[in-house]
Amino acid sequence: MTIRNKTQRMTILTMLIGMALVVNLLEPVFVIGLPGVKLGLANVLGLFALYFFGVKEMYIVNIMRVLIASLLRGTFLVGTGFWLALIGALISSTAVVILHKLTKMSEIGISTASATFHNIGQIIVIVFITGMPLMITWLPVMLFTGIPTGILTGYLVQAINKRFKI
């Protein structure tokens with residue numbers, strides 16, 4: 001698929017943000033059973049934006065998803081979940097950009113690294129917010145669950161990229 005003009009580019013980017021937002025808002029329905037653990041399916045759309053458009057657009061999709069979802073949930077700037085999501089998205093997006101530029105990792109590897117760094121970012125934030133350094137003991141659980149969910153989202157990104165011949 002070739003993008004012919006700025007309007008078409010903005011339309012596709014806006015649709016990606018909208019889809020990421022819907023997935024993000026529906027994701028709590030899929031309970032994994034552990035506090036703070038989610039599938040991270042909205043990350044599929046951010047990673048697709050990276051492969052389809054580039055770095056700037058991935059950041060736009062990820063940050064706008066967090067900001068709009070927090071506005072809809074009423075947690076913008078005040079809820080712990082907002083800060084966990086925002087810092088997690090920023091750290092994981094930055095790690096993805098670095099790995100994407102410096103390595104030849106597949107979509108699965110990039111997605112798994114994204115999930116891992118998102119979890120690390122969340123643990124850093126929760127330790128800072130609560131002032132409880134022992135919260136870091138939850139990191140192995142988050143990483144243990146983040147790796148398979150990262151692999152799952154990576155497979156989805158890979159399948160979408162094949163469909164769009166990226």
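Along the sequence shown, residues are numbered consecutively beginning with 1. Because only heavy atoms are used, hydrogens play no part in the values below, and waters and symmetry mates are left out as well, while side chains stay in.
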If hydrophobic clusters are built from ILVMFWY residues whose side chains come within less than 4.5 Å, do [X] and [Y] share one?
X	Y	result
L152	I110	yes
L84	V127	yes
F53	M10	no
M64	V66	yes
I147	V44	no

For the residue pair [X] and [Y], establish whether any side-chain heavy-atom pair is separated by less than 4.5 Å.
X	Y	result
T145	T149	no
I120	I91	no
E107	N161	yes
L16	M19	yes
W83	L77	yes
I123	M142	yes
I87	Q122	no
N43	H118	no

Rounded to the nearest 0.5 Å, how far apart are [atom1] of [X] and [atom2] of [Y]?
X	Y	atom1	atom2	value
L45	T153	CG	OG1	10.5 Å
L156	L41	CG	CG	6.5 Å
L99	S114	CG	OG	9.5 Å
N119	F144	CG	CZ	13.0 Å
L90	T94	CG	OG1	6.0 Å
N62	L86	CG	CG	10.5 Å

- [ ] Sequence neighbours left out, what pairs pass side-chain hydrogen bond (donor to acceptor under 3.5 Å, both in side chains) with at least one residue falling in residues 10-34?
- [x] N24-R73
Open item on the list: Does I136 have more than 12 heavy atoms from other residues, nucleotides or ligands lying within 6.0 Å of its CD1?
Closed with: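 At most 12 heavy atoms, drawn from other residues, nucleotides or ligands, come within 6.0 Å of this atom.
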Open item on the list: Counting only heavy atoms not in F48 (residues, nucleotides, ligands), do more than 12 fall under 6.0 Å from its CZ?
Closed with: yes
- [ ] I would like to know whether V23 and R65 meet side-chain contact (heavy atoms from CB on, under 4.5 Å); could you show each step before the answer?
- [x] CA-CA 10 Å; V23 171; R65 169 181 48 89; over 6 Å; no
- [ ] Could you give me the CA-CA distance, side-chain angles and deciding distance for F128 and I124, then say whether side-chain contact (heavy atoms from CB on, under 4.5 Å) is met?
- [x] CA-CA 6 Å; F128 179 77; I124 290 168; 5.5 Å; no
Task: Side chain S92, main chain A89, donor-acceptor under 3.5 Å - done: yes
Open item on the list: Please check: side-chain N/O of S106 versus main-chain N/O of G109, any donor-acceptor pairing under 3.5 Å?
Closed with: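 Side chain of S106 to backbone of G109, a donor-acceptor pair under 3.5 Å: yes, one is there.
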TODO: Apply ring pair (Phe, Tyr, Trp, His ring centres under 6.0 Å) to F82 and list each qualifying residue two or more places apart in sequence or on a separate chain.
DONE: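 Once residues adjacent in sequence are excluded, the partners of F82 under the ring pair (Phe, Tyr, Trp, His ring centres under 6.0 Å) criterion are F76.
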Open item on the list: Between L143 and L139, is the side-chain contact (heavy atoms from CB on, under 4.5 Å) condition met? List the steps.
Closed with: CA-CA 6 Å; L143 295 177; L139 184 59; 3.8 Å; yes
Open item on the list: Holding to salt bridge (Lys or Arg N to Asp or Glu O under 4.0 Å), I want the full list of residues that pass it with R9, two or more places apart in sequence or in another chain.
Closed with: E57
Closest approach of [X] to [Y] (non-hydrogen atoms, all atoms of both residues):
X	Y	value
V97	Y59	CG2-CE1, 3.8 Å
V61	A20	CG1-CB, 4.1 Å
S111	G150	OG-O, 2.7 Å

Open item on the list: Ring-plane angle category for H100 and Y51, please: parallel below 30°, perpendicular beyond 60°, tilted otherwise.
Closed with: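 Rings of H100 and Y51: perpendicular, over 60°.
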